[in-house]
A.B. asks: 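My questions all concern the structure below.
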Amino acid sequence: MAKLYSKNPQIKETLNPKKETIDFLLNYSKALSVINCNKMKFEALLN
Amino acid sequence: MRHELIADAALVKNYIEGDENSLSILIYRHKQKIYSFIYSKVFDKDITEDIFQDTFIKVIKTLKLGKYNEEGKFLPWVMRIAHNLVIDHFRKNSRMPKFDNSGEFSIFSVLGDSSLNAEKQLIKDQVESDVRRLIEELPEDQKEVLIMRMYNDMSFKEISDRTGVSINTALGRMRYALINLRKVIDKNNIILTN
């Protein structure tokens, strides 16, 4: 029988971001507030 | 939890109105697709993590600033942001190339350092000074032609003008200079290689 020389797929596990990254994003979103002031918008990070 | 019932567009709307939980649902719903997309381009988990984070920071800012206007196309929009950030990453790296030598392929097999190391530089200096001393041993007329040709980089026409002999004579003197040099080198077993 012919040998199969194809490589095993290198990535077997599903690719997902780290939990810390997602937590950071959610906290960042909570901390970021946009202040409207005379038709201008300001970003403020309130930790 | 069954979040699939709520459409992306509704979640985006809720988020803009202040519901932070909607963002969480959106991120968890699409994280794998976006992360895999970035990883398929950069093949590095740390860089993927960075780009993934930057992508969502941009998403959050755009949504909070009220600049988002592509209702119903949330995922393609995020993918486009990720794609642009991947391009930015490669652009930045091509301006400032970096490489890690952890893989099997070594960049040094392609790129070499052409400058000599200290040992080879010493040998080169030694060879050059040996050749200089050998040239000093040549008859005056041959030495003159050889120095003009090899060290001053003059053409045989210029040499003939300078020395007042014909070009053929200059060529002949050069030939004899080389023959004589070889003879001396052979006779004394001088090694002039680096």
Side-chain angles (χ1 to χ4, degrees), chain A, chain B residues 1 3 11-12 14-68 74 78-79 81-82 85-86 102-105:
Chain A
M1 204 175 118
K3 284 180 183 171
L4 291 172
Y5 291 102
S6 57
K7 276 187 183 174
N8 293 327
Q10 286 181 335
I11 312 142
K12 279 172 185 164
E13 83 273 36
T14 52
L15 290 161
N16 270 311
K18 286 181 196 156
K19 196 180 171 293
E20 299 91 83
T21 309
I22 294 172
D23 287 347
F24 167 81
L25 288 166
L26 295 175
N27 288 330
Y28 174 82
S29 168
K30 281 175 196 157
L32 182 74
S33 68
V34 176
I35 304 154
N36 283 304
C37 179
N38 294 335
K39 290 179 185 173
M40 286 194 287
K41 284 177 177 175
F42 296 97
E43 292 167 24
L45 266 179
L46 311 163
N47 276 314
Chain B
M1 280 197 290
H3 294 309
L11 287 168
V12 169
N14 292 345
Y15 176 64
I16 292 169
E17 286 166 2
D19 178 18
E20 292 290 334
N21 193 40
S22 301
L23 178 75
S24 166
I25 300 168
L26 283 168
I27 292 177
Y28 277 98
R29 186 180 286 176
H30 300 299
K31 66 181 166 87
Q32 203 221 318
K33 268 186 197 156
I34 296 161
Y35 191 89
S36 310
F37 168 76
I38 300 166
Y39 187 82
S40 73
K41 304 278 184 254
V42 298
F43 290 110
D44 183 299
K45 283 198 172 170
D46 293 329
I47 295 165
T48 307
E49 209 79 37
D50 284 352
I51 295 176
F52 180 86
Q53 187 173 301
D54 289 347
T55 303
F56 272 97
I57 286 177
K58 212 159 189 173
V59 167
I60 291 165
K61 275 189 184 175
T62 311
L63 293 177
K64 288 226 170 183
L65 287 165
K67 289 179 183 167
Y68 177 74
F74 178 74
V78 180
M79 288 291 219
I81 294 173
L85 288 173
V86 168
S102 54
E104 283 177 20
F105 172 76

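The model shown is predicted, which means the values in this text are computed figures rather than measured ones. So you know, we letter chains A, B, ... as the sequences are listed, proteins then strands, and number each from 1.
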A.B. asks: About how many Å separate CG of A:Leu26 and OH of B:Tyr28, when rounded to the nearest 0.5 Å?
C.D. replies: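 Reported value, rounded in 0.5 Å steps: 6.5 Å.
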A.B. asks: Quick check on the interface: out of B:Leu23, B:Ile57, B:Leu63, who has the most heavy-atom pairs with chain A under 4.5 Å?
C.D. replies: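 Winner by heavy-atom pair count: B:Ile57.
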A.B. asks: Taking everything shown except B:Lys58 itself, do over 12 heavy atoms lie less than 6.0 Å from its NZ?
C.D. replies: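 Result for NZ/B:Lys58: open.
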A.B. asks: My understanding is that only residues two or more places apart in sequence, or in another chain, count here; which of them pass side chain to side chain donor-acceptor pair (under 3.5 Å) with A:Lys19?
C.D. replies: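 Expected list: A:Asp23.
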A.B. asks: Listed by chain and number, what are the side chain to side chain donor-acceptor pair (under 3.5 Å) partners of B:Tyr15, not counting sequence neighbours?
C.D. replies: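 Here the qualifying residues are A:Ser29.
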A.B. asks: Using a 3.5 Å distance criterion without hydrogens, assess whether the side chain of B:Glu49 forms a donor-acceptor pair with backbone atoms of A:Thr21.
C.D. replies: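 Not at all, since once roles are kept as given, no pair shorter than 3.5 Å links the two residues.
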A.B. asks: Hey, could you give me the CG/CD1 distance between A:Leu32 and B:Ile60, rounded to the nearest 0.5 Å?
C.D. replies: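 It is 7.5 Å, given to the nearest 0.5 Å.
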A.B. asks: Can you tell me how far apart NZ (B:Lys31) and CG (A:Asn16) are? Round to the nearest 0.5 Å.
C.D. replies: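 CG of A:Asn16 is found 3.5 Å from NZ of B:Lys31.
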A.B. asks: Identify the two heavy atoms, one from B:Gln53 and one from A:Leu25, that lie closest to each other, and give their separation to 0.1 Å.
C.D. replies: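 That would be O-CD2, 3.5 Å.
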A.B. asks: Quick check on B:Lys61 against chain A: is it the side chain, the backbone, both or neither that has a heavy atom closer than 4.5 Å?
C.D. replies: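 The answer is both parts of B:Lys61.
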A.B. asks: Any chance you could measure B:Asp46, atom CG, to A:Lys18, atom NZ, to the nearest 0.5 Å?
C.D. replies: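 B:Asp46 CG to A:Lys18 NZ: 5.5 Å, rounded to 0.5 Å.
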